[in-house]
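Scroll down for the structure; my scribbles are underneath it.
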There are 2 protein chains.
Amino acid sequence: MLDLAILGFLYDERLHGYDLRKRIAALTGHVRPIADGTLYPLLKRMEAGGLLTRELEPGQIAAPRHMLSLTAAGRTALLDRLRDPDELYITDENRWFVLLAFLRHLADPPAQAAVLRRRLHFLTQPASFFWDGDRPLRAADFDDHFRQGLFAIATATTRTELKWLRETLVTLSGAGTDQA
Amino acid sequence: MLDLAILGFLYDERLHGYDLRKRIAALTGHVRPIADGTLYPLLKRMEAGGLLTRELEPGQIAAPRHMLSLTAAGRTALLDRLRDPDELYITDENRWFVLLAFLRHLADPPAQAAVLRRRLHFLTQPASFFWDGDRPLRAADFDDHFRQGLFAIATATTRTELKWLRETLVTLSGAGTDQA
DNA sequence: GGAGCATACCTAGACTTCGAGGTATCTCGG
DNA sequence: CCGAGATACCTCGAAGTCTAGGTATGCTCC
């Protein structure tokens, strides 16, 4: 998930690690930013894997910076990840939201395909949190305030996403200018 | 996070692993249920740690079942976890939602404290996804449909939770019947 | 001029969860 | 009676992330 975010942010910008770290924290809404010990070793691995390159710069505020940019392989890797159906079938919901943040880098048809897959997931998966067998649950079915809150939050999130998915499919359908 | 969910579900019920697995999947809304290879070894570790015990039962549908129940230490562990301020400061948002699902096991005053901490987090953390410096962002600030969707979903989720937090604090304040 | 703080990067070990396999039991259809 | 499928549990190695330490630079305030 982290590597997807890194590829996404570097796709059209040149950033250094410290900056990247702040942007990732903002994107994922994490309470604490991701740990240094997570980000920097990953950047090294990605560099070793030929996905990005770094240039040392003097550093405008304090210590010298390692400015990072994607290689051609790195840009291809992002586009492949964005198109990959497996990115949806992941335990961590954050994964899909990170993907959403960078789906703009894909041309309409493959982006539409990703949105369609996501919608299909909602329609076919029972989403068992919201159902008791065939009966849709209501907040009143929970006898404590806490699960009622959890239910309200989950419902709001799902409803908003479904609404957006519907609108998006209408917008995207027909407008096919294949680039990626 | 998984162990918190296990403690929560077993607090007032006796379940076997397979059932637990389905409930956890439903609770966290994970696309794929958690892997067997994750759950069963964890259950063994928790048993070795004295948090739960198992009894073998013949199995009503198929293979024999290992019925699990919490020990006194296990129940104490859950209450401690629910009260632990650190459970909020975790990168994974799921953590807080799992906690919310079982907060009913706490008496009012400590539950209220957890809710207060969560609200404080929203009010003090810049929540940088929603702000450009001091200016609140709007959907129109994003020039692609995908980030607009992401923004809409994040906004709906946050707004719903903040509304619930406000209501809950009104409900809980004053009603102090200390049990846990 | 030195203490404190933000910037900027790094290492090593540990923990959690995943992925890909495997075994055994029971029911039901053919 | 045998194969398919759901139930129910298990092992082992790999991947991803965290925790807890560390180094070095430049600014600001006293």
Side-chain angles (χ1 to χ4, degrees), chain A residues 1-7 14-25 28 30-49 51-52 54-68 81 86-87 89-95 98 126, chain B residues 1-7 14-25 28 30-49 51-52 54-68 81 84 86-95 98 126:
Chain A
M1 201 229 75
L2 236 197
D3 55 338
L4 181 63
I6 293 171
L7 291 173
R14 204 163 149 272
L15 300 168
H16 56 98
Y18 205 77
D19 196 359
L20 202 46
R21 182 166 163 266
K22 278 186 291 186
R23 292 187 188 227
I24 291 170
T28 58
H30 284 169
V31 176
R32 282 195 279 201
I34 55 156
D36 283 355
T38 303
L39 178 62
Y40 290 111
L42 177 56
L43 290 175
K44 289 206 162 181
R45 282 202 303 278
M46 291 174 73
E47 194 186 0
L51 296 175
L52 52 86
R54 69 175 72 199
E55 288 170 272
L56 202 63
E57 275 187 12
Q60 298 167 343
I61 300 175
R65 296 165 162 180
H66 296 231
M67 298 303 293
L68 308 162
R81 291 284 297 273
D86 281 353
E87 291 292 334
Y89 306 125
I90 280 310
T91 46
D92 188 355
E93 276 289 292
N94 266 337
R95 195 104 157 204
V98 170
Chain B
M1 201 227 74
L2 235 196
D3 55 338
L4 181 63
I6 293 172
L7 291 174
R14 203 162 150 275
L15 300 169
H16 56 98
Y18 204 77
D19 196 0
L20 202 46
R21 182 166 163 265
K22 280 186 290 186
R23 293 187 187 226
I24 291 169
T28 59
H30 284 170
V31 175
R32 284 195 279 202
I34 55 156
D36 282 355
T38 303
L39 178 62
Y40 291 112
L42 177 56
L43 289 175
K44 288 206 162 180
R45 283 202 302 279
M46 291 174 73
E47 193 185 2
L51 297 175
L52 53 86
R54 69 175 71 199
E55 288 171 272
L56 202 63
E57 276 189 10
Q60 298 167 341
I61 300 176
R65 297 164 161 179
H66 297 231
M67 299 304 292
L68 308 162
R81 291 285 295 275
D84 184 0
D86 282 352
E87 291 292 335
L88 292 179
Y89 307 125
I90 279 309
T91 48
D92 188 355
E93 276 290 293
N94 267 335
R95 195 104 154 202
V98 170

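In what follows, every chain begins at residue 1, and chains take the letters A, B, ... in the order their sequences are listed. Reckoned from all heavy atoms, side chains included, excluding hydrogens, waters and symmetry mates.
Here the side chains of A/Leu20 and A/Leu43 are in contact, with some heavy-atom distance below 4.5 Å.
Between the side chain of A/Asp3 and the backbone N or O of A/Met1 there is at least one donor-acceptor pair closer than 3.5 Å.
In terms of the salt bridge (charged side-chain N to carboxylate O under 4.0 Å, His left out) criterion, residue partners of B/Arg54 (sequence neighbours excluded) are, by chain and number, B/Glu47. In this structure B/Tyr18 satisfies the side chain to side chain contact (heavy atoms under 4.5 Å, CB included) test together with B/His16, B/Arg21, B/Lys22, B/Tyr40, sequence neighbours excluded.
Whole-Å rounding puts the B/Met46 CE to C/dT17 P distance at 11 Å. Between A/Ile34 atom CD1 and D/dC18 atom P the separation is 7 Å, expressed in whole Å. In this structure, B/Ile24 atom CD1 and C/dT16 atom P are separated by 15 Å, rounded to whole Å. Between B/Leu56 atom CG and C/dA24 atom P there is a gap of 15 Å when expressed in whole angstrom units. Taking atom CG on A/Leu42 and atom P on C/dT11, their separation rounds to 14 Å, with Å as the unit. Rounded to whole angstrom, the span from the CG atom of B/Leu4 across to the C1' atom of C/dT17 amounts to 16 Å. In this structure, the CZ atom of B/Arg45 is 10 Å from the P atom of C/dC15, given to the nearest Å. Rounded to whole Å, the distance from CD on B/Glu57 to C1' on C/dC26 is 16 Å.
Residues B/Ile24 and B/Ala5 share a closest heavy-atom pair of CG1-CB, 4.2 Å.
Using a 4.0 Å heavy-atom distance criterion, A/Leu39 is classed as making no nucleic acid contact.
With values rounded to the nearest 0.5 angstrom, A/Leu52 atom CG is found 7.5 Å from A/Ile6 atom CD1.
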Mind listing the N/O atom pairs, protein and nucleotides 9-13 of chain D, below 3.5 Å?
residue: D/dC9; atom: OP1; partner: B/His66; partner atom: N; Å: 2.6
residue: D/dC9; atom: OP2; partner: B/Gly17; partner atom: N; Å: 3.3
residue: D/dC9; atom: OP2; partner: B/Tyr18; partner atom: N; Å: 2.8
residue: D/dC9; atom: OP2; partner: B/Tyr40; partner atom: OH; Å: 3.2
residue: D/dC9; atom: N4; partner: B/Asp36; partner atom: OD2; Å: 2.8
residue: D/dC10; atom: OP1; partner: B/Arg54; partner atom: NH1; Å: 3.4

